[in-house]
Every structure is written in C-alpha cells, then in structure tokens.
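Note that the structure is a prediction, hence the values are computed from the model and not measured.
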Amino acid sequence: MIDGSGKYDFYIGLILAMSSSLFIGGSFILKKKGLLRLARKGSMRAGQGGHAYLKEWLWWAGLLSMGAGEVANFAAYAFAPATLVTPLGALSVLVSAILSSYFLNEKLNLHGKIGCLLSILGSTVMVIHAPQEEEVETLNEMSHKLGDPGFVVFATFVVIVSLIMIFVVGPRHGQTNILVYITICSVIGALSVSCVKGLGIAIKELFIGQPVLKHPLAWILLLSLIVCVSTQINYLNRSLDIFNTSVVTPIYYVFFTTSVLTCSAILLKEWEDMAADDIIGTVSGFLTIIVGIFLLHAFKDVNLTLANLPVSLHKDDRGMNGTLPNPYERFSNDEENATCVGDLPVTEGISSRRNGNLAAS
C-alpha cells in the first residue's frame with residue numbers, strides 16, 4: 001500500500017504514535033499521585049482552582065512524561081496522517097487503566113478489561129481503513145486551508161463553545177459533571193492538532209532552507225498552540241483531581257478523537273475520496289471504541305472478575321433450578337452481606353473524592 005520513502009514514514013509515524021501513548025498513559029498516573037499527595041497535605045486542590053501542584057515533583061514528572069509523549073505525538077503527525085496517529089491514542093487508555101489498578105488502587109474489573117481490548121480492536125480497524133489526507137507541503141498551502149470558509153466556521157464554533165464552557169458552564173457544573181472539563185480539553189485539542197500539523201510543515205521547510213521564520217503564519221500557529229495546550233493542561237488537571245483516572249482517560253480519548261477527526265476532515269478534506277468500505281470500516285472501528293469506553297465507564301463499580309465469574313454463574317444456575325442453599329451456605333452469605341455493610345464507608349469515601357471532597361483521614 002505504501003512504497004518508497006512513504007513506507008518508512010508510515011512505520012516511523014506508527015512507532016512514534018505508540019511511544020506517545022505509553023508516555024501519556026503513564027503521565028496520568030504520575031499527575032494523579034502528585035495531586036493526591038497535595039490533597040493529603042491539605043493544600044487547595046486543583047479542582048477548586050488551586051495551583052499548589054506546581055510545587056509537587058510527582059506532578060512535574062507527570063508533566064515531563066506527557067511532554068515527551070506530546071513531542072513524540074508531534075513528530076508522528078509530521079510523518080503520518082492524523083487519522084493514523086489519533087486513533088492510536090487508545091493505547092494510552094489501556095496503559096493508564098492498567099497502571100491505575102496497580103499504583104492508584106483503582107480497580108479494573110472484567111468489563112473494564114473487555115472495554116480496553118475493544119478500544120484497541122477499534123483503533124486497529126480505524127488504522128487499517130484510515131482515509132488519506134490531502135498533501136500539504138508548504139505554509140502557503142496550509143494558510144489557504146486555514147482560510148477555507150468551512151474551517152473558519154468550525155474554528156469559530158469551537159472557540160465560542162469553549163468560552164461558554166469555561167465561563168458559564170464550568171463554574172456551575174464542573175465539580176459534579178465529568179463531561180464539562182473534558183469537553184473543554186477535547187474541543188480545544190482539535191485546534192491544537194491543526195497547529196501541530198502546521199508547525200510540522202514549518203519545521204520541514206526550515207530544514208530545507210526556506211525562510212519560515214519570516215512567515216507570519218508560523219508564529220501565529222506557535223502562539224495558538226501555546227494557548228491551546230495551556231488551557232488543556234489546566235482543565236485536564238481539574239478533571240483528574242475530581243474524578244477517577246480510569247474514567248477520565250477513556251472519555252477524554254473519545255471526545256478528543258472525535259474532535260480531531262472532525263477537524264481533519266474539514267481542514268484536509270480526508271473523506272472526499274474514500275471508498276465505501278473504508279468509510280464503513282472507519283465508522284465501525286470508532287463505534288467499537290465507543291462501546292469499549294462505555295463498558296469501562298458504565299460498569300466500573302460492578303465487582304466482576306474472572307475469578308468470581310464461575311461462582312456467579314453457579315449461583316444463578318441454582319436459583320433457576322430452585323435449589324435452596326444449605327445452612328453453611330446461608331451462613332457464608334450472611335458473612336458476605338455483613339462485609340458489604342462494613343465496606344459502605346469506604347465506598348462513600350471514594351464517592352466523596354470523586355466529587356472533590358476530601359474525606360478526613
């Protein structure tokens with residue numbers, strides 16, 4: 001499918017995108033641990049507008065890890081189309097979910113594991129059927145694309161929605177609704193990817209001796225990228241501080257990927273020359289990812305693992321056959337119920353942390 005130098009560009013972009021997911025997935029864990037340490041110290045939390053995390057080295061380690069991931073991601077966009085690089089962000093969901101279960105005691109049940117696998121499967125299908133973007137090789141061509149009426153309308157809509165979410169919806173519902181801060185990060189992320197794409201073109205031109213530094217678009221893209229990334233970091237920190245990491249990461253992935261694919265389709269006209277089977281494959285792959293994310297989020301509190309699955313099925317079979325448990329089994333069930341009642345304060349503590357209220361320790 002890819003010949004010559006394009007073949008090497010494809011594999012370079014693929015490796016960089018996978019490396020980016022590893023770094024970014026790990027960065028969520030480091031940031032979360034840093035925010036939890038600050039919460040235990042009694043500092044004002046990020047979810048309440050505090051910035052004490054700037055003094056926490058674990059948070060900075062997470063930021064550096066995310067920075068390394070973003071650099072790899074930046075380079076991947078220079079070598080491969082956005083529709084190849086962006087879906088591979090599902091790997092960061094898997095990395096973050098697995099590391100959360102080991103280092104943050106955020107349980108990943110059977111539904112969550114299936115959800116992670118479905119996300120990977122859907123990403124693979126999307127990569128196979130990814131649309132080929134139009135070739136944009138110079139800043140002048142990128143300037144023409146950015147001035148297209150369709151993209152101007154899209155960018156204006158994104159800016160208006162972001163401002164409404166930041167100044168109107170965020171102060172009222174940001175502490176209780178997980179979608180508020182994630183939506184801000186995601187829609188602004190679509191513009192940041194466009195800036196990254198343009199800066200990648202500028203760097204390529206700089207290496208071949210073109211007067212890129214005199215082109216005003218290069219500086220506009222750089223300043224826009226700084227503003228977009230700063231806003232994303234701020235609201236992603238708030239979301240991570242309030243809600244469960246294994247929930248924030250996949251939802252952010254779905255919203256961010258949707259925004260980027262929409263932006264790429266409008267800016268680069270990727271879908272115009274796609275065959276019907278590629279369109280169906282791309283849409284099916286993304287729907288598969290959404291199903292995986294739903295499993296990971298909707299059933300996060302269900303205590304279902306491979307270890308207790310046979311026991312659950314056995315109990316269901318006995319109920320259907322009308323078989324009554326013996327006295328020993330009834331005693332075991334009573335103990336299980338008592339244990340569940342004893343665990344209620346722990347559940348309440350977890351819920352309070354998700355709502356931004358730190359339980360007294």
If you define the side chain from C-beta out and look only at heavy atoms, does anything of [X] sit under 4.5 Å from [Y]?
X: Val187; Y: Phe157; answer: no
X: Val158; Y: Ser162; answer: yes
X: Leu267; Y: Lys197; answer: no
X: Leu295; Y: Leu118; answer: yes
X: Leu146; Y: Leu221; answer: yes
X: Val248; Y: Tyr181; answer: no
X: Leu139; Y: Gln210; answer: no
X: Val169; Y: Ile164; answer: yes

Shortest non-hydrogen contact from [X] toward [Y]:
X: Ala76; Y: Ala17; result: CB-N, 3.9 Å
X: Gly200; Y: Phe74; result: N-CZ, 4.0 Å
X: Val95; Y: Gly26; result: CG1-N, 4.0 Å
X: Leu179; Y: Phe255; result: CD2-CZ, 3.8 Å
X: Gly62; Y: Ser27; result: O-CB, 3.1 Å
X: Ile29; Y: Gly25; result: CG1-O, 3.7 Å

(request) Before giving the answer on side chain to side chain contact (heavy atoms under 4.5 Å, CB included), spell out for Phe151 and Ser194 the whole-Å C-alpha distance, their side-chain angles and the decisive distance to 0.1 Å. (result) CA-CA 11 Å; Phe151 180 76; Ser194 301; 4.1 Å; yes
In this structure, would [X] and [Y] fall into the same cluster of hydrophobic residues linked by side-chain contacts under 4.5 Å?
X: Leu121; Y: Ile280; answer: no
X: Leu199; Y: Leu206; answer: yes
X: Val71; Y: Phe256; answer: no
X: Phe286; Y: Val283; answer: yes
X: Val193; Y: Leu222; answer: yes

Checking the side chain of [X] only, and the main-chain atoms of [Y] only, is there a donor and an acceptor separated by less than 3.5 Å?
X: Ser65; Y: Phe23; answer: yes
X: Asn237; Y: Ile233; answer: yes
X: Thr282; Y: His129; answer: yes
X: Ser230; Y: Ile226; answer: yes
X: Ser143; Y: Asn140; answer: no

[X] [atom1] to [Y] [atom2] distance, which is reported to the nearest 0.5 Å:
X: Asn177; Y: Arg172; atom1: CG; atom2: CZ; answer: 14.0 Å
X: Met165; Y: Ile188; atom1: CE; atom2: CD1; answer: 10.0 Å
X: Ile184; Y: Leu236; atom1: CD1; atom2: CG; answer: 11.5 Å
X: Ile266; Y: Lys145; atom1: CD1; atom2: NZ; answer: 12.5 Å
X: Ile178; Y: Thr183; atom1: CD1; atom2: OG1; answer: 10.0 Å
X: Ser284; Y: Ile279; atom1: OG; atom2: CD1; answer: 11.5 Å

(message) Test side chain to side chain contact (heavy atoms under 4.5 Å, CB included) on Leu110 and Ile114; report intermediate values, then the result.
(response) CA-CA 6 Å; Leu110 183 61; Ile114 295 175; 4.1 Å; yes
(request) Show your working on side chain to side chain contact (heavy atoms under 4.5 Å, CB included) between Leu287 and Val291 and close with a plain yes or no. (result) CA-CA 6 Å; Leu287 291 177; Val291 172; 5.6 Å; no
(request) Just do the side chain to side chain contact (heavy atoms under 4.5 Å, CB included) check on His215 and Glu205 with the steps written out, would you? (result) CA-CA 11 Å; His215 202 299; Glu205 284 194 289; over 6 Å; no
